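Here the structure comes first, spelled out in structure tokens, and everything after it is commentary.
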Amino acid sequence: MPPAFSAAEKTRITRLLLDNGLRLFTTQGLRKTSLEDLVAGTGIAKSTFYAFFDSKEALYLELMLAQMAEVKSRVIDGALRKEPDTRAGLRAFLHATLAELEGNPLYGRLMTHPEEMEAVVRKLEPERVTSAPDNPVTALAAYLAEHSDDLAADDPEVIVGVLQAVLMMPLHRDRLASPDLYPKILNRLIDIVTSGLIRPER
């Protein structure tokens, strides 16, 4: 039977586990992170980890959910919805999301290692992510539905797929003929894509 903890102890240990998880998951990944790694410095045994989280994947999910509101604030509220028209909104969204992937170690890791997100979803309830009120993906889908009259494609999944394709550009920056031109190439690509997603004026 796991030891009993006071509310203060439980809060302190949970915070340490989350801190360890963020550091380890973003540097060595979910699969290579052991329970022994996660409990280091917390003062609890490996078996006691399960008094706090059901699995490593559950800890990973908590880290994602904890950052979700901040990510949505930056890429949806502060970029996509801040612009006066749909094309400018999509352009701002792509730039903000690329900056997020560059500067946010956890979300950047998910982009470069999608198998880790798949492992989390396989082990846990996907609804915890999809039903989260601050889920940026859900907020993007709502925006696209609201602005469907402005969009060139009828299928919102196609538009999301096109946006995802642009967001994968950082993975291939070193494969470009002139990697030093990456910022200019990316800006031009975003301009071309966002213009192409908007229905031509009649």
Side-chain angles (χ1 to χ4, degrees), residues 18 21-22 25-26 30 57-121 124-173 182-183 185-201:
L18 288 167
L22 181 61
F25 293 151
T26 55
L30 178 65
E57 291 80 4
L59 174 54
Y60 203 115
L61 178 61
E62 284 306 314
L63 288 167
M64 286 175 51
L65 293 175
Q67 293 189 21
M68 198 172 271
E70 293 179 10
V71 172
K72 177 182 174 287
S73 175
R74 287 189 286 267
V75 305
I76 302 293
D77 306 325
L80 181 67
R81 290 193 174 276
K82 196 173 181 181
E83 295 298 330
D85 63 77
T86 307
R87 179 186 176 277
L90 292 175
R91 189 178 188 283
F93 167 79
L94 287 172
H95 279 291
T97 305
L98 286 163
E100 191 69 34
L101 295 174
E102 185 86 21
N104 184 321
L106 186 64
Y107 277 76
R109 175 91 191 178
L110 289 173
M111 176 58 74
T112 56
H113 297 77
E115 72 280 358
E116 297 192 359
M117 182 64 199
E118 290 167 12
V120 171
V121 170
L124 304 169
E125 309 87 3
E127 296 77 22
R128 283 207 63 199
V129 177
T130 56
S131 65
D134 292 312
N135 187 332
V137 176
T138 305
L140 173 63
Y143 178 90
L144 295 176
E146 291 166 23
H147 295 79
S148 59
D149 289 346
D150 295 334
L151 300 171
D154 294 329
D155 188 346
E157 289 188 18
V158 171
I159 294 181
V160 170
V162 171
L163 296 174
Q164 287 175 329
V166 175
L167 295 176
M168 295 184 73
M169 273 293 290
L171 300 180
H172 307 288
R173 65 194 301 169
Y182 173 74
I185 294 169
L186 188 59
N187 281 333
R188 185 68 176 135
L189 177 64
I190 289 173
D191 285 343
I192 292 168
V193 166
T194 52
S195 295
L197 289 176
I198 301 301
R199 190 187 303 276
E201 291 185 12

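Bear in mind the structure is a predicted one, so any value in this text is a computation, not a measurement. In this chain, numbering begins with 1 at the start of the sequence shown.
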### Task
Report the residues that fulfil side-chain hydrogen bond (donor to acceptor under 3.5 Å, both in side chains) with Ser148, sequence neighbours left out, ordered by chain and then residue number.
none
### Query
Where is the tightest heavy-atom contact between Ala119 and Leu30, given as atom of each residue plus distance?
CB-CD2, 3.9 Å
### Message
Tell me which pairs pass salt bridge (Lys or Arg N to Asp or Glu O under 4.0 Å) where either residue lies in residues 91-105, with sequence neighbours left out.
### Response
Arg74-Glu100, Arg91-Asp191, Glu102-Arg173
#### Entry: Pairing residues for Met111 by the side-chain contact (heavy atoms from CB on, under 4.5 Å) criterion, not counting sequence neighbours
Leu101, Leu167, Met168
### Task
Side-chain contact test, heavy atoms from C-beta onward, threshold under 4.5 Å: evaluate it for Leu22 versus Tyr60 and give yes or no.
no
## Note on the structure
Scanning both residues in full, the closest heavy-atom pair of Ala152 with Gly196 reads CB-O, 3.7 Å
### Summary
Hits for side-chain contact (heavy atoms from CB on, under 4.5 Å) against Thr112, two or more places apart or cross-chain, chain-then-number order -> Leu171
### Query
salt bridge (Lys or Arg N to Asp or Glu O under 4.0 Å) with Asp134: which residues, sequence neighbours excluded?
none
## Note on the structure
salt bridge (Lys or Arg N to Asp or Glu O under 4.0 Å) pairs touching residues 110-120, sequence neighbours excluded, are Arg109-Glu116
### Message
Looking at every heavy atom in both Thr194 and Ile198, which two are closest together, and how far apart are they?
### Response
O-CG1, 3.2 Å
### Query
Pairs in or reaching into residues 76-88: which pass side-chain hydrogen bond (donor to acceptor under 3.5 Å, both in side chains), with residues at least two apart or in two chains?
Lys72-Asp77, Arg81-Glu146, Thr86-Asp150, Arg87-Ser195
### Query
Between Gly21 and Leu63, which heavy-atom pair has the shortest distance, and what is it?
C-CD1, 3.7 Å
## Note on the structure
Smallest heavy-atom separation, Met169 atom then Ile185 atom, equals CE-CG2, 4.4 Å
### Query
Closest heavy-atom contact between Val71 and Pro136?
CG1-CG, 3.9 Å
### Task
Report yes if some heavy atom in the side chain of Leu151 is under 4.5 Å from a heavy atom in the side chain of Arg199; otherwise report no.
no
### Task
Just jot down the side-chain contact (heavy atoms from CB on, under 4.5 Å) partners of Asp155, sequence neighbours excluded, or say none.
Glu157, Val158
### Query
Pro170: what forms a side-chain contact (heavy atoms from CB on, under 4.5 Å) with it, not counting sequence neighbours?
Leu98, Tyr182
## Note on the structure
For residues 130-170, the ring-ring contact (aromatic ring centres under 6.0 Å, His included) pairs (sequence neighbours left out) are Tyr143-His147
### Task
Taking the side chain as every heavy atom from C-beta outward, state whether Leu140 and Leu163 have any atom pair closer than 4.5 Å.
yes
### Message
Enumerate the ring-ring contact (aromatic ring centres under 6.0 Å, His included) contacts for residues 69-106, please, sequence neighbours excluded, ordered by first and then second residue.
### Response
none
#### Entry: Flag side-chain contact, heavy atom, 4.5 Å: Thr97 against Tyr107
no
### Worked check of side-chain contact (heavy atoms from CB on, under 4.5 Å) between Leu144 and Leu90
CA-CA 10 Å; Leu144 295 176; Leu90 292 175; 4.1 Å; yes
